[in-house]
Protein chains: 2
Amino acid sequence: MPSHVPQSQTVKVKDVAREAGVAVGTVSRVLNDHPAVTRELRERVERAMAQLGYEVDVTAQSMRAGRSRLVACAIRDFDIPRFALFIKEAEAVLREAGYTLLLASTTNRPEVEIALLRAFRRRRVDGVMMTLSDEQHRDVRAALSEAPMPVLLIDRDRIDALDRVTADHREGARLATSHLLGLGHRRIAMLVGDLKAFPSRSRLEGFRAACAAAGIAPDPRLLRDDVLSSEDAYRATASLVSLAEPPTALFVAAMDTLGGCLRALRTMGLAVGDGISVVAGSDSDLAELYTPPITAIAWDLAAMGRHAATMLLERMRGDEIERGRGLTVPTELIIRGSSQPLAI
Amino acid sequence: MPSHVPQSQTVKVKDVAREAGVAVGTVSRVLNDHPAVTRELRERVERAMAQLGYEVDVTAQSMRAGRSRLVACAIRDFDIPRFALFIKEAEAVLREAGYTLLLASTTNRPEVEIALLRAFRRRRVDGVMMTLSDEQHRDVRAALSEAPMPVLLIDRDRIDALDRVTADHREGARLATSHLLGLGHRRIAMLVGDLKAFPSRSRLEGFRAACAAAGIAPDPRLLRDDVLSSEDAYRATASLVSLAEPPTALFVAAMDTLGGCLRALRTMGLAVGDGISVVAGSDSDLAELYTPPITAIAWDLAAMGRHAATMLLERMRGDEIERGRGLTVPTELIIRGSSQPLAI
DNA sequence: CGGAGTCAATGAACCGGTTCATCTGCGTTT
DNA sequence: AAACGCAGATGAACCGGTTCATTGACTCCG
């Protein structure tokens with residue numbers, strides 16, 4: 001005999017309690033799998049919940065508990081195909097643990113990063129994973145240190161107090177550069193993103209380390225930083241190959257910008273491989289299937305996503321762990337046909 | 001003279017009210033830009049808020065208001081590079097309007113879709129945009145019709161009551177097929193995704209319409225459906241070209257699966273262009289820069305994302321609009337070198 | 001000059017759960 | 001038989017905002 005409940009207005013714990021003939025506290029305990037409920041009452045409550053089509057109100061739970069079971073992920077631009085892998089894996093891990101993912105784009109601007117941190121705390125978000133445009137930015141650092149919830153940095157470092165998941169870009173760039181130097185290249189142009197952030201900074205370090213090891217002083221005119229998009233890479237490539245003394249190799253180290261570089265070369269009537277060697281800073285279908293296939297640095301973004309989520313979960317659980325743990329996934333160089341010995 | 005407020009525990013409206021010497025209701029009105037507050041009091045309250053470093057608790061607001069200012073986006077798999085564009089634009093529009101984006105992956109399974117809808121209503125999410133694995137699925141349809149918040153379908157149709165944003169895949173496929181037929185191809189293989197969902201269904205319709213218009217009966221053995229990933233495309237391509245009577249053209253209509261197809265061809269020692277023509281169902285850097293460049297169907301996913309967000313905002317605002325509005329972005333065929341006249 | 005009308009400001013009740021001090025009933029101990 | 005212990009159930013208070021009926025001050029007009 002189903003009691004008549006107005007289907008229009010939502011069913012609340014009170015209604016369930018009345019239907020099951022128990023106190024609201026008991027309904028709450030059933031909802032939260034509290035052990036001190038007899039099987040009989042538990043079943044009666046569950047029956048009542050099914051009967052009435054009850055659904056908890058997570059906002060009410062959040063308010064009382066002071067936490068939302070939300071995890072925010074803010075990255076500079078989702079429009080980076082490989083980042084989708086990171087997010088996908090992180091979301092899967094978080095959902096498994098009962099968390100929901102909030103997504104926002106920082107557009108790589110400090111003000112937005114700060115505003116987002118504020119928005120996240122207003123929402124009582126339980127944890128944050130994010131990129132930063134500049135780890136040294138005063139206001140951003142202040143905002144981070146005031147954040148009441150754990151924050152994990154995605155491919156960023158230099159903030160000791162925070163956990164981070166990074167890729168070993170330094171080693172990747174070192175390998176790529178040594179490879180080109182080994183092929184006889186001396187005029188190697190490098191395209192990197194924003195040097196204020198970890199990935200580009202460490203790629204440049206790796207590049208310089210390889211040059212130093214080979215006893216070579218890189219030509220500063222062949223360095224292009226602030227290459228963040230495919231369009232930037234197009235312009236940088238076009239300007240590089242137009243130099244009086246053009247480079248013999250291009251190291252397109254910025255993420256997902258290979259397309260712009262190749263487009264520029266094609267436009268300028270240049271072919272990769274014989275005239276000019278190319279190494280990509282991140283792997284892709286394009287790198288693999290281009291003619292010739294492009295030598296590229298690869299690392300496991302899916303693993304980064306999983307690790308980021310797992311580390312953040314541990315931190316949110318409040319486990320007693322040392323602050324500022326870092327996890328680095330290795331990079332490897334996949335040598336393909338686009339990097340050829342220097343033609344004499 | 002800043003009052004001494006225990007920095008440890010959070011500041012609440014009550015504290016702000018006390019500091020400013022006003023009632024809590026007044027603080028709330030200031031927070032919500034209610035017009036009936038004198039400038040003097042408004043300023044006093046704002047000063048107090050700044051003084052105490054006050055931050056509203058959005059969970060408390062959500063609970064009282066019954067809405068969360070969250071919009072959920074659930075798609076089958078974020079690991080589809082071009083979808084990132086959709087999400088990016090949608091997020092920008094929603095954030096502008098004060099909403100935060102929740103993200104989840106349906107993994108293209110009806111149970112997950114239903115579970116997510118339930119999770120979203122529990123969170124008092126204000127609106128949902130999602131893909132469906134199968135528009136005709138009974139339980140999914142039931143879950144959708146019971147959803148208390150507006151739901152917008154992403155590239156899906158057949159549910160009259162819901163708003164939707166689609167691409168004109170039928171026309172794209174028709175154009176591509178006519179193009180191949182015009183080049184003399186008669187044995188055209190088609191790789192599509194799940195025919196239970198709109199995009200693949202309408203691509204197949206377009207394909208068939210073009211064949212019918214040319215008076216040609218397509219060979220059913222050349223159709224491969226359920227191609228959802230690059231790996232699926234690899235297998236489908238390998239099996240197609242191994243047929244006794246292989247196709248002379250491949251229409252890789254499924255989204256972002258071109259890589260798998262090209263990888264298979266390369267493995268089988270086939271070259272695109274002379275031996276076999278290829279048309280891709282979605283454009284990409286790979287299609288544009290491959291040798292030969294791949295003829296592809298293109299449409300504006302960024303615009304789809306913007307429109308989806310805008311339509312959902314209108315609906316959430318409760319505007320009096322007819323139910324089930326549909327917006328279709330056009331598709332175009334970009335003809336490149338991979339589609340060549342049939343060699344005789 | 002008094003009554004009606006207007007506009008700000010007030011603060012108690014409310015949103016829908018969870019928590020915890022308190023109570024109940026039953027078995028154990030002495 | 002009285003005292004005790006304890007598991008299980010109860011329900012009022014609470015989380016931190018918003019809402020709205022009410023109050024108070026002030027203006028306008030006959």
Side-chain angles (χ1 to χ4, degrees), chain A residues 5-6 8-46 48-49 52-69 98 119 121-126 148, chain B residues 5-6 8-46 48-49 52-69 98 119 121-126 148:
Chain A
V5 176
S8 56
Q9 53 234 49
T10 58
V11 183
K12 306 157 200 181
V13 269
K14 209 191 297 177
D15 303 313
V16 175
R18 196 185 316 115
E19 173 81 13
V22 301
V24 290
T26 306
V27 176
S28 176
R29 297 214 289 197
V30 170
L31 273 176
N32 296 287
D33 287 319
H34 191 103
V37 188
T38 52
R39 201 156 66 85
E40 198 242 322
L41 272 205
R42 174 180 303 280
E43 280 167 6
R44 230 161 72 205
V45 169
E46 278 165 354
M49 294 200 301
L52 304 181
Y54 173 75
E55 301 252 9
V56 258
D57 182 330
V58 179
T59 60
Q61 291 185 313
S62 299
M63 145 127 136
R64 177 72 226 229
R67 59 162 173 54
S68 59
R69 299 226 148 246
R121 65 194 290 179
R122 282 211 249 266
R123 284 211 179 268
R124 300 292 183 261
V125 154
D126 297 342
Chain B
V5 176
S8 56
Q9 52 233 50
T10 58
V11 182
K12 306 158 202 179
V13 269
K14 210 191 298 178
D15 304 314
V16 175
R18 196 184 316 114
E19 173 81 13
V22 300
V24 289
T26 305
V27 177
S28 176
R29 299 213 289 196
V30 170
L31 274 176
N32 296 284
D33 285 321
H34 190 102
V37 188
T38 52
R39 201 156 68 84
E40 197 244 321
L41 273 204
R42 174 179 305 280
E43 280 167 7
R44 228 161 74 206
V45 169
E46 277 164 355
M49 295 199 301
L52 305 180
Y54 173 74
E55 301 253 8
V56 259
D57 183 329
V58 180
T59 61
Q61 292 184 312
S62 299
M63 146 127 130
R64 178 71 228 229
R67 60 164 172 55
S68 58
R69 299 228 150 244
R121 65 193 291 178
R122 281 211 250 266
R123 283 209 180 271
R124 299 290 182 265
V125 154
D126 298 342

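Residue numbers begin at 1 in each chain, while the letters A, B, ... track the order of the sequences. Bear in mind the structure is a predicted one, so any value in this text is a computation, not a measurement.
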Rounded to the nearest angstrom, tell me the gap between atom NZ in B/Lys14 and atom P in C/dA12.
-> 11 Å
Indicate, with a heavy-atom threshold strictly under 4.0 Å, whether B/Val37 touches base, sugar-phosphate, or nothing.
-> sugar-phosphate
Nearest-Å distance, CG (A/Asn32) to P (D/dG8)?
-> 17 Å
May I ask you to evaluate whether A/Gln61 reaches the phosphate of C/dT18, defined as a side-chain N or O under 4.0 Å from OP1 or OP2?
-> yes
Has B/Thr26 got a side-chain N or O lying under 4.0 Å from the OP1 or OP2 atom of C/dT10?
-> yes
Value in whole Å for how far the P atom of C/dA8 lies from CZ of B/Arg42 | 11 Å
Name the one of B/Val16, B/Leu41, B/Val13, B/Val37 that satisfies side-chain contact (heavy atoms from CB on, under 4.5 Å) with B/Val30?
-> B/Val37
Using heavy atoms to find the nearest nucleotide of DNA chain C for B/Pro35 and B/Ala60 separately, return the residue whose nucleotide is more 5′.
-> B/Pro35
Separation of D/dG11 P from A/Arg18 CZ (nearest whole Å) | 13 Å
If you check the B/Leu41 side chain, which of C/dG17, C/dA9, D/dG17 turns out closest?
-> C/dA9
Reckon A/Val22 touches a base, only the sugar-phosphate, or nothing at all at heavy-atom distances under 4.0 Å?
-> sugar-phosphate
Rounded to whole Å, the CG-P distance (B/Asp57 to D/dG17) equals 5 Å
A/Ala36 side chain, from C-beta outward: closest of C/dG16, D/dG8, C/dG11 | D/dG8
Interatomic distance, B/Tyr54 OH vs D/dG17 C1' [rounded to whole Å] | 7 Å
Check whether the side chain of A/Arg29 and the base of D/dA9 form a donor-acceptor pair under 3.5 Å.
-> yes
Using a heavy-atom cut-off of under 4.0 Å over every strand shown, decide if A/Thr38 touches base, sugar-phosphate, or nothing.
-> sugar-phosphate
Would you call A/Asp15-A/Arg18 a salt bridge at under 4.0 Å N-O?
-> yes
Here the distance between atom P of D/dC15 and atom CZ of A/Arg122, to the nearest Å, is 22 Å
Between P of C/dT18 and CZ of A/Arg64, the distance in whole Å = 10 Å
